[in-house]
Protein chains: 2
Amino acid sequence: MFTFDQLAGFIAVAEELHFGRAAERLNMTQPPLSRQIQKLEKIIGAELLERDNRKVQLTNAGKTFLEEARRLMALAERAPVSARRIASGRSGVLRIGFTAASGFSILGPLLEEIAAIIPDVDVDLQELVTGDQISRLMTGELDLGLARPPFDRETFDSHLLYQEALVLAVPAGHPLTHLARDIGPKDFKDEPLIMHSPIQARYFYDLVVRTLPIQHGNVVHTVSQVLTMVSLVAAKRGVAFVPHSATLLGIKGVEFLPLPEGGGEQVELHAIWSRRITNPALSRLLRDFEFAME
Amino acid sequence: MFTFDQLAGFIAVAEELHFGRAAERLNMTQPPLSRQIQKLEKIIGAELLERDNRKVQLTNAGKTFLEEARRLMALAERAPVSARRIASGRSGVLRIGFTAASGFSILGPLLEEIAAIIPDVDVDLQELVTGDQISRLMTGELDLGLARPPFDRETFDSHLLYQEALVLAVPAGHPLTHLARDIGPKDFKDEPLIMHSPIQARYFYDLVVRTLPIQHGNVVHTVSQVLTMVSLVAAKRGVAFVPHSATLLGIKGVEFLPLPEGGGEQVELHAIWSRRITNPALSRLLRDFEFAME
DNA sequence: ATCAAGTGATACCAGGAAGGCATCATGTTT
DNA sequence: AAACATGATGCCTTCCTGGTATCACTTGAT
């Protein structure tokens, strides 16, 4: 196999059509350059240059090999820089998981901010429930998750992104919408309830159960997606507790009622990541992100 | 600048993930290989491999550099042959990229036709996905691609070679094969589905999603090669939408069912080439080929 | 807990390749 | 014919690369 030096030598001679000047350009003397080219020609198995003791010319084979040689040199020069960029986190791929509910409010601004910090990094988005995010963060399939508690603080570092109150989603025109005062637990104790799945949406389920007296007999549907819940409310299947950002969904036929202050434990959304970071893009993001958060 | 030996060393280690075995493969001993890689990393300016005294792993930078290294080696191996061929009196080389799926049907006849038009030109074939073909067409590493939309019509001229319908591949003896009538969307709405990768096989993915109502929950595998899909179907992992030419593969244990006419948007295969042509063999081919196509 | 095995890194040495200098061979110019 | 220009060749020195032996560290078994 030939060497990059031989290629560079050949390119220089092919461009100068003069061994002496080419050697000068390469910061070497003419004799070794001559031998370099001879060796290259022997390796290729074809005459690349026609020397005439007076002038140097490219053969046809030399012309096509010159293109290949230039291409090789260009590729060889580019190859390390992309590797360097990735190693330093300025480029690469960042895989982010997010829950459906986080998409409405925080995801857009967050992505903008990420793009500002690491513009050359491709962001790969996957919608996943918290549990799936956690398992994928552990296997390294995901770099960053936008998820809800609980998660293991030993394994994961985190940053609270957002907290919001729960509101009650009711079908438009529902009697409760005409109430002059704030609604209280008694007001919906007989309402059919669309509830979070205790398995898929454990966090919401626990939060709601902890906060409010739920009559389990009232539960008419158990779902895991906020969007599904709101759609079911719009279809007058019942009422549902959803995070405040669900009001941004713009689903027709639904109204949102604030809950009494006491019943308002906040829904939290955290950015979480494994403490043993391997993706340099994430390291870089975190380093610069902490400031932006203040 | 690094050397080709270093690249070959790195590729071997990256593939074996073991210095000893890699050294054996390269017909050398392990110590110089270690130093070779160290030196390469120093030149690149980034850690490519993570050594753990027990196992070797690629870093992210290493993964991308591996691709570049393979590309460089492939280019370096091909470069001399075209020069040799020209020196030995042939008039040139035409480099054609093709997707795996296009190989079954169109490639053979096309090559015959090319041989008839430019018999003194050697054809160099490479199997590449559409995206890689496009980037190589732009760098000049490829002269002609057999690829699928989308591609930039400004940069590339093209000619529609072939279009074919999608069919549904199912395991032999599958209940759907006993259906008397044509199958419809409802028939496979509960079937586990082997889907195209939205990244690697974007064209197929978009086409299928656009054409048929896909239940994303049914997707059990995401792959990029038609052959892989058919193999998975044969292994009874699910059903898959594949182009009609896949029936020519001859994989046992798979049957192909036609889809209803309405659901049959056609899969297209184009010959594409850069508008700024430098290869004279390609110019000659295109000039005479247009007539042959009528 | 200790010992053997496996794996990558390091030390040191020998052979060879590459570059520099001097010179040659050959064709051109004056 | 003599001086010049230019690529090739001979010879020497240096540096690089690969080989052998060995180390350092981890893991798994007794």
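All chains are named by letter (A, B, ...) in the order of the sequence lines, taking the proteins before the strands, and each is independently numbered beginning at 1. Because the structure is a prediction, the values reported are computed rather than measured.
Sequence neighbours left out, the pairs with a member in residues 67-76 of chain A that pass salt bridge (Lys or Arg N to Asp or Glu O under 4.0 Å) are Glu15(A)-Arg70(A), Glu67(A)-Arg71(A), Glu68(A)-Arg71(A), Glu68(A)-Arg95(B).
The backbone N or O of Leu49(B) lies less than 3.5 Å from a partner atom in the side chain of Arg51(B), making a donor-acceptor pair. Looking only at distances, a side-chain donor or acceptor of Arg84(A) sits under 3.5 Å from a matching main-chain atom of Ile44(B). Formation of a donor-acceptor pair under 3.5 Å by the Thr59(A) side chain with backbone atoms of Gly62(A) is found in this model.
Centroid-to-centroid, the aromatic rings of Phe10(A) and Phe2(A) stay 6.0 Å apart or farther. Between Phe204(B) and His196(B), the ring centre distance stays below 6.0 Å. Residues Phe156(A) and His270(A) place their aromatic rings such that the two centres sit no closer than 6.0 Å.
Residue Lys39(B) has a polar side-chain atom (N or O) positioned under 4.0 Å from OP1 or OP2 of dT17(D). Between dA18(C) and Gln36(A), no contact under 4.0 Å exists linking OP1 or OP2 to a side-chain N or O.
The distance from atom CG of Leu33(A) to atom C1' of dG19(C) is 11 Å, rounded to the nearest whole Å. Following rounding to the nearest Å, Met1(B) (CE) and dC16(D) (P) show an atom-to-atom distance of 17 Å. Taking atom CG on Asp5(A) and atom P on dA18(C), their separation rounds to 9 Å, with Å as the unit. Separating the NZ atom of Lys55(A) from the P atom of dT26(C) is a distance of 18 Å, rounded to the nearest angstrom. To the nearest angstrom, C1' of dA24(D) lies 15 Å from CZ of Arg51(B). One interatomic measurement links the two molecules: CG of Asp52(B) to C1' of dA9(C), which rounds to 14 Å at whole-angstrom precision.
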Can you check nucleotides 10-16 of chain C for protein contacts, nitrogen or oxygen pairs under 3.5 Å, and list what you find?
| unit_1 | atom_1 | unit_2 | atom_2 | d |
| --- | --- | --- | --- | --- |
| dT10(C) | OP2 | Gln38(B) | NE2 | 3.3 |
| dC12(C) | N4 | Arg35(B) | NH1 | 3.1 |

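Remark: Gln126(B) CD is packed, more than 12 non-hydrogen atoms of other residues, nucleotides or ligands lying under 6.0 Å away.
DNA chain C is contacted by His18(B), Phe19(B), Gly20(B) of residues 8-29 of chain B, taking any non-hydrogen atom closer than 4.0 Å.
For the side-chain contact (heavy atoms from CB on, under 4.5 Å) with Leu33(A), the qualifying choice from Arg35(A), Gln30(A), Gln36(A) is Gln36(A), the only one to do so.
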